[in-house]
Amino acid sequence: MPELPEVEVVRVGLDGAVVGAAVSAVDVLDERSLRRFDGPAEEFIEQLTGRRLGHPHRRGKFLWLPLDDVPLALVGHLGMSGQLLLRRIDDPLPRHLRVSLHLDTVSRGAMRLDFVDQRVFGSLALDELVPASDARERSDPLIPRAVVHIARDPLDPLFDDDAFVAALRRKRTGIKRALLDQTLVSGVGNIYADEALWAVKLHYDRPAESLSRTTANELLAVLRAVFAKALVEGGTSFDDQYLNVNGQAGSFVHSLNAYGRQGEPCPRCGGPIVRESFMNRGSHFCPRCQRPI
DNA sequence: CTTTCGCCCTGAGTGC
DNA sequence: TGCACTCAGGGCGAAA
């Protein structure tokens, strides 16, 4: 499940390998993967072919590569099951391949960048680069228009802790809903929301406005720690739904304390972890450690 | 304005 | 063996 750590692993994996690479050809095998692109597939192909790719950027779960000479970026979102795989040009085509870019890379010759996505919740697009609405300095990088409403993530050096804590405590909703709101804080998905709430002993439906400043700051600190540890371990891979650009799984699944561990003992108190349906998702928590209100 | 809901999608798993 | 059904969930537009 690609959340912040997984997308960052992909970003780092792309950096270096694709910077300066020229797009020599584009194959769109499934137009549904271009649903966020404002135009037909032919236009996507035409605008991308012949361009060179710049350093990959990320905000939350969105990833983009600026194109040379034009104020456009190739924007990717992995959705539930998306993968960006760097393959040799003559490697066999993987199952669920939706879009494939042929690249003339600087250091590795002819390569393919394959966008693979079983469930088609992810997407590729070309989008105009505009100044960020929360830019602090004129030197701040431009971001795709479709990403302007996404908040910074907790690992962003310009993330504003005080503003986040204040905004969180104004939310009239449950704490997990608030964490999953990408306009409040980005990069958090179901797995890391459950892990952070377990670590700070908060019930998923605890009203956000009931959190003290101290607790809200602890939650933020825990979120950063979970993200950082998951990043070091290469992210969380379930059923190979998430793989890095070289097709390798991450190992953070072995460090999960709550997510996916229903019926197993809570690593802190030994009581059973419970899974409840909430927001059309599974919420995993320890009823003994994480009490509502 | 804010918050919540339903839809998009596929394949693995389950029950009969 | 086959078929219907459930489940996983990020983001977005519409509804409340």
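The structure displayed is predicted, hence computed values, not measured ones. Chain naming here is simple, since letters A, B, ... match the order of the sequence lines and numbering starts at 1 in each.
The aromatic ring of Phe121(A) does not sit over the base of dG11(C), since the test of centres under 5.5 Å and planes under 30° is not met.
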For this session: Would you sort out whether Arg152(A) and Asp160(A) count as a salt bridge (charged side-chain N to carboxylate O under 4.0 Å, His left out), showing the intermediate values?
Result: CA-CA 8 Å; Arg152(A) 293 184 190 273; Asp160(A) 188 332; over 6 Å; no
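Using a 4.0 Å heavy-atom distance criterion, Phe278(A) is classed as making no nucleic acid contact. Looking at heavy-atom distances under 4.0 Å, Gly122(A) makes no contact with the nucleic acid at all.
If you measure from atom CD1 of Ile150(A) to atom C1' of dG11(C), you get 8 Å, rounded to the nearest angstrom. In this structure, CG of Leu184(A) is placed 16 Å from C1' of dG11(C), rounded to the nearest angstrom. For the pair Lys61(A) NZ and dG11(C) C1', the computed distance is 9 Å after rounding to whole Å. Atom P of nucleotide dG11(C) and atom CG of Leu124(A) are separated by 15 Å, given to the nearest angstrom. If you measure from atom CZ of Arg119(A) to atom P of dG11(C), you get 15 Å, rounded to the nearest angstrom. Rounded to an integer number of Å, the gap from Met80(A) CE to dG11(C) C1' is 12 Å. For the pair Lys176(A) NZ and dG10(C) C1', the computed distance is 13 Å after rounding to whole Å. Rounded to an integer number of Å, the gap from Asp181(A) CG to dG11(C) C1' is 11 Å.
Between His149(A) and Phe62(A), the ring planes lie perpendicular to each other; the angle is over 60°, past the 30° to 60° tilted range. Classified by interplanar angle (parallel below 30°, tilted 30° to 60°, perpendicular above 60°), the ring pair Phe278(A)/Tyr204(A) is tilted.
Between the side chains of Lys176(A) and Ser283(A), at least one donor N or O sits under 3.5 Å from an acceptor N or O. Residues Arg206(A) and Ser210(A) bring a donor and an acceptor atom of their side chains to less than 3.5 Å of each other. Of the N and O atoms on the side chains of Ser100(A) and Asp114(A), at least one donor lies less than 3.5 Å from an acceptor on the other residue. A donor atom on one side chain and an acceptor atom on the other are not found under 3.5 Å apart for Glu3(A) and Tyr242(A).
Checked by distance alone, Arg281(A) brings a side-chain donor or acceptor within 3.5 Å of a matching partner on the base of dG10(C).
OP1 or OP2 of dG9(C) has not a single side-chain nitrogen or oxygen of Asn280(A) nearer than 4.0 Å. Listed pair Tyr242(A) / dG9(C) fails the phosphate criterion, with no side-chain N or O lying under 4.0 Å from OP1 or OP2. Residue Gln182(A) places no side-chain N or O under 4.0 Å from the OP1 or OP2 atom of dG10(C).
Under a cutoff of 6.0 Å and an axis angle of 45°, Arg59(A) and Trp64(A) do not form a cation-pi pair.
Residues Val120(A) and Thr173(A) each lie close to DNA chain B; by heavy-atom proximity, the contact nearer the 5' end of the strand is made by Thr173(A).
Side-chain contact between Asp30(A) and Val99(A) is absent, with no heavy-atom pair separated by less than 4.5 Å.
For DNA chain B, the contact window with chain A, defined by any atom under 4.0 Å from a protein heavy atom, covers dT3(B) to dA12(B) in 5' to 3' order.
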Between the protein and nucleotides 13-16 of chain C, which nitrogen or oxygen pairs are less than 3.5 angstrom apart?
none

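Residues passing the side chain to side chain contact (heavy atoms under 4.5 Å, CB included) test with Val253(A), sequence neighbours excluded: Thr236(A), Phe238(A), Leu256(A).
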